[in-house]
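Have a look at the structure below before the remarks.
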Amino acid sequence: MLSIRNLHASISNKEILKGIDLSIPSGQVHAVMGPNGSGKSTLSYVLAGRAGYDVTEGSVTFNDMDLLKLSTEERAAAGVFLAMQYPVEIPGVTNMMFLKTALNAIRKAHGESELDAMQMLKLLRSKAKDIGLSEEMLKRAVNVGFSGGEKKRNEVLQMAVLEPKLCILDETDSGLDIDALKIVADGVNALRSPDRSMIVITHYQRLLDYIAPDAVHVLAQGKIRKSGGAELARELEEKGYADYGCEAA
Amino acid sequence: MTLAAFIDRSRKDKEDWKYTDLNALLFSSFPRKRESIASDSEHKSQLPSNYSDCSADNRARLVFLNGVWQPTLSHFATVPSCILMGDLESGYELTLGEQTCLVAQPIELVFVTDNDAPHEIDLKFFIDIGANGRLTLLENHRASNAITTIETDISLRPHAKFVHGKIVQGGAHLATAKAHVATGGYYNNFSLLRGGMPIRNEIDVILEGEEAQAALNGVMLLRRAEHADTTTHLLHQAPQCASRQVYKTVLDGKSRGVFQGEITVAPDAQKSDGYQLSRALLLSDQAEMDAKPQLEIFADDVKCSHGSAIGCLDEDALFYLRSRGLDEASARALLIKAFVTETLEEIQIEEWRVLFRREIETWTDAQTAREKK
């Protein structure tokens, strides 16, 4: 599904990723854990194709495609989805309109017919209900006035509607209380499927109590320092990142 | 007021005309494309096309060709044909008696030009609305090759209400509207300015009686070398009056937008409530926006605020939309529409909101099409 080889990336000539190697088979959930400043968010932005991140070396292959050659929207159409750490507020655009435009853009890219207003409404209502978002939230401007938990749930809603192949969850647990965390994790777990892979980026082990990973990778100083099973996350929780040349977080 | 008179004013009051230079209009040969329009049916094709499809029978439409009112081309619906008096020379008078209500039948004034248009068309309107009268009026100025000047004098008697919309689709357009609002009266102005070679839209409101209110809103959409200037003067003369202004400008190419908004609160106008917001969105490095908010407050018990912001499209929002599958041009168009939408929400008449939204979408869609090329 996803194969990252020796990936180097810089922001304004400062190297952040220093040779990442990571493979994620179909249907698996991999956690990437690391201290602040280790390059976690940079990795997620590079995969999603954000401007301002220069890949200087290495390759990313996604379902036999050279991911790095695609534009942001082409990656979305190919099935890459980044659930943002800080979902953006867009005043003046309703959540409904946003989801509708996005889904139809992706359907169009796949050569599928666009959904009409009624089909869309039905779909969005049922998906919103699954994730516990009221219909009223669909009518409000994207993320405007949403609480931290509502914003993250809204990301999961978009994920459920757009049905991506690769979900990258960038610190989806940050700023969530335990109830909100459970709801978001339930939403994510409902989307686990044999043809969908996930990268769960997190600082803490807590989220992984709810979203059980198939593998855990430690990212520190721009490289994957160690890989293992779920037990690695618990070990990190106890010992911190000190073994990886970092100050205790 | 003729072009010469406008130019004279602009030379005398340099501060008020700091950002808009009319001299170019005087000396340049204004581009005048001549297109032959012969038959009556073709005149109709000049009417805004988006109007014919939603031409409800209850709307009165008064057509002006080269500044001359054409009763034969006009559609009165249930509005009496004597609603409008006068001629181009002496000015047109629109008088509404006390308690008369023409809200259910909005009147649209459509201004078109043809091959025989003079170089300059100078229009004058006198609008007088009696006590408790209600009027809804939309000026629709089609793009034209003539220089249009328009001077509008508005009197709102006690508790009269006037909703005054305006669309300018391009060309050289110099306008002043002066509204005197008596006790409890309400003046609402919404303008959509496109094109502009240049456009100057001046609105003066004098809140003369207690509890009079004014709401001024507008959108300017500019590209290429277009120039549009919205200048408002709001005078709170009596106590307990309220005014609200929200203006949005979108600029591309080498266009230039101007917003000058002056609120003056007279010494006796205690408990005045004034609000003003001007926001501009620059889509190009070469576009320019000049915003000059001005508050002059001589009373001590007032609530007055203003805000002005000029910015570019939010990169975070663009990335967010693109990461969800929207191509760049569509993402930009969506954000531009969203930026303008806030102002549309100020429009109280649903039908107009639809009309203005469509005008704005036409503009952003053309923008998107160009970006995709």
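Reminder, nothing fancy here: chain letters follow the sequence lines and each chain counts from 1. For the numbers below, each heavy atom of this structure counts, side chains included, while hydrogens, waters and symmetry mates do not.
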- Task: Enumerate by number any residue of residues 273-285 of chain B whose heavy atoms lie under 4.5 Å from heavy atoms of chain A; in the absence of such residues, state 'none'.
- Result: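 Interface residues of residues 273-285 of chain B: none, nothing closer than 4.5 Å to chain A.
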Is the [atom1] atom of [X] crowded by more than 12 outside heavy atoms at less than 6.0 Å?
| X | atom1 | result |
| --- | --- | --- |
| A/K100 | NZ | no |
| A/M97 | CE | no |
| A/Y86 | OH | no |
| B/K292 | NZ | yes |
| A/D116 | CG | yes |
| A/D195 | CG | yes |

- Task: Check each atom of B/L344 against the heavy atoms of chain A and say whether the ones under 4.5 Å are side chain, backbone, both or neither.
- Result: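 Looking at B/L344, nothing touches chain A.
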Give me the atom names and distance for the closest heavy-atom approach of [X] to [Y].
| X | Y | value |
| --- | --- | --- |
| A/V88 | B/Y320 | O-CE2, 3.7 Å |
| B/G325 | A/A105 | O-CB, 3.4 Å |
| A/A76 | B/S323 | CB-O, 3.4 Å |

Is it the side chain or the backbone of [X] that comes within 4.5 Å of chain B heavy atoms, both, or neither?
| X | result |
| --- | --- |
| A/L82 | both |
| A/R75 | neither |
| A/A109 | neither |

- Query: Between A/E155 and B/R324, is the closest basic N to carboxylate O distance under 4.0 Å?
  - Reply: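 Result for this pair is yes, salt bridge flagged.
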- Task: Under the ring-ring contact (aromatic ring centres under 6.0 Å, His included) rule, collect the residues that match up with B/F319, sequence neighbours excluded.
- Result: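 Per chain and number, B/F319 pairs via ring-ring contact (aromatic ring centres under 6.0 Å, His included) with A/Y45.
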- Message: Within this structure, what is the CG-OG1 distance for the pair B/L326 and A/T72, rounded to the nearest 0.5 Å?
- Response: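 With rounding to 0.5 Å, CG (B/L326) is 11.5 Å from OG1 (A/T72).
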- Hey, which of B/T341, B/D327, B/L318, B/D314 has the most heavy atom pairs under 4.5 Å with chain A?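 Of B/T341, B/D327, B/L318, B/D314, B/D327 has the most heavy-atom pairs under 4.5 Å with chain A.
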- Task: List the steps and the verdict of side-chain contact (heavy atoms from CB on, under 4.5 Å) for B/L321 and A/I90.
- Result: CA-CA 10 Å; B/L321 293 173; A/I90 311 181; 3.8 Å; yes
